[in-house]
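Notes for the one structure printed next.
Residue numbers start from 1 in every chain, and the chains themselves are labelled A, B, ... in the order their sequence lines are given, proteins ahead of strands. What you see is a predicted model; the values in this text were computed from it and never measured. Quick note: numbers below take in every heavy atom, side chains included, and nothing from hydrogens, waters or symmetry partners.
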There are 2 protein chains.
Amino acid sequence: MARGQETRKRILDVAQSAVLAKGFDATSIDEIVANAELTKSGFFYHFRDKNALALALIERHIEIEDQLFDELLQRARDLAEDPLQRALIALKLLAELIDDMPNGHPGCVVATAVYQDRLFDREVREANRRAVLGWRRRFRAMFDDIVAVYPAQDDVDLDSLADMVSSVIEGGIVMARALAEPSVTAQQILLLRSYVKVLFSPR
Amino acid sequence: MARGQETRKRILDVAQSAVLAKGFDATSIDEIVANAELTKSGFFYHFRDKNALALALIERHIEIEDQLFDELLQRARDLAEDPLQRALIALKLLAELIDDMPNGHPGCVVATAVYQDRLFDREVREANRRAVLGWRRRFRAMFDDIVAVYPAQDDVDLDSLADMVSSVIEGGIVMARALAEPSVTAQQILLLRSYVKVLFSPR
DNA sequence: TCCAAATTCCTACCGCGGGTACAGTACCAT
DNA sequence: ATGGTACTGTACCCGCGGTAGGAATTTGGA
């Protein structure tokens, strides 16, 4: 890795841990450059402004999260043949994954960006949108597999249902933080799992 | 209303519309005092700091929202006898209510506070928590009425289920904003309605 | 080995926003 | 008339994002 890229990565690492701990706008550039051991000028050489930093962080985060989802879905596929069972396993794993995150997950980056609108520009919002659409695609495929075998007990739009996975995660995070009860997020995901179960289980 | 209370209200009104339009931290005190036609000193006479303003706004907002929920649940009670029907009607009304909000609802205050943590202090978070617990109580009662008549098709915790209403709203708002598709929130609520339907409908 | 480009440092500065300090004033009720 | 309540006015501080522009250093390539 070229010298410049190393520094860039160091900045991102430092910024990431600070942002996850305290939030984006509570993390000052001065603080980042201090911990990354370079100067303010050095920072602005790598990032046009704080927005550019946010964009880089978000893109990085999304990549990792995508990978996480893929692994999770793959594990579910390995554990069962039946598409409904696979989905139920996947949602169970997802709930466990989120429950295991120590201080209750760092709070999804997507939502942070959504709720600090004015801080971010078009590019950031676009990256955000692509990420969410990616999740929709993944879970939609999961539900497509199910309906090919089990008819739904109620008339639902599968894209919306796929969105519901993300929606419940995001909402669950908000609720967990509002209530100061980290376990809430996982509980909400398990309720979604229950929905999937009763929706597709044959009578 | 005393002279002081009038001014205080004027500040809150001006602040509210600005905050709903642009977000809390994008709204400067200078701007508020300009539109409320008083001075900075005048502002700080009424509010210790920006935090106190946030608290007042949130408490006000929660009051209105509580009233809205109560009206909605009352209307549902008027429209049907059967507790399951009532719940389904309430959720339908809720979806319509949210869908009718012009530029897609202003984004729930609770979530804004949650995601701008460091901006707010303990008091604000406490107010937030109480609000969410209030919603839990309301919807929990709704579900209690249902289980008294219809056994659930799956084993679910009713508090969690009650929380799911809030959760889906919050998550739906995040998704709608992330996707720039305002209709998403209402769709998510209708999916929750579908869950309630299949969960409690006798086989 | 030398040059140019890339990378990092240094210093000084700007504007905005939240917030403080404090003196003065207008109004209203007892 | 007096004392609280509700302000106005002015001046100031600090942190933060960001800019300006030159100097130094490192690095890869001809």
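For the pair B/Leu38 CG and D/dA6 C1', the interatomic distance rounds to 10 Å; values are reported in whole Å. A/Phe44 places its CZ atom 18 Å from the C1' atom of D/dG22, with the value rounded to the nearest Å. C/dG17 atom P lies 15 Å from atom CG of A/Asp25, rounded to whole Å. For A/Gln5 and D/dG28, the CD to C1' distance is 16 Å, given to the nearest whole Å. Whole-Å rounding puts the B/Ile32 CD1 to C/dG19 P distance at 11 Å. Nucleotide C/dG19 holds its P atom 13 Å from the CZ atom of B/Phe47, rounded to whole Å. Nucleotide D/dA6 holds its C1' atom 12 Å from the CZ atom of B/Arg10, rounded to whole Å. Per the geometry, CZ belonging to B/Phe43 stands 11 Å off P belonging to C/dT20, to the nearest Å.
The residue among A/Ile29 and A/Ser41 whose nearest nucleotide of DNA chain D lies closer to the 5′ end is A/Ile29.
Between the side chain of B/Lys40 and the base of D/dG9 there is no donor-acceptor pair of N/O atoms closer than 3.5 Å.
No option in B/Asp159, B/Asp145, B/Asp70 other than B/Asp70 meets the salt bridge (Lys or Arg N to Asp or Glu O under 4.0 Å) test with B/Arg138.
No donor-acceptor distance shorter than 3.5 angstrom exists from the side chain of A/Glu123 to the backbone of A/Leu55, with no hydrogens or angles considered.
For C/dA6, neither phosphate oxygen OP1 nor OP2 lies less than 4.0 angstrom from any side-chain nitrogen or oxygen of A/His46. Phosphate contact (OP1/OP2 of C/dT8, side-chain N/O of A/Thr7, threshold under 4.0 Å): present. Between A/Tyr45 and C/dT8, a side-chain N or O to OP1/OP2 separation shorter than 4.0 Å is absent.
As judged by a 4.0 angstrom heavy-atom cut-off over every strand, A/Thr39 is placed among the base-contacting residues.
Under the 4.0 Å criterion applied to side-chain N and carboxylate O atoms, B/Glu65 and B/Arg60 are not assigned as salt-bridge partners.
In this structure, a donor-acceptor pair under 3.5 Å is absent between the side chains of B/Thr7 and B/Tyr45.
The cationic atom of A/Lys50 (NZ for Lys, CZ for Arg) lies less than 6.0 Å from the six-membered ring centre of A/Phe24 and within 45° of the ring axis.
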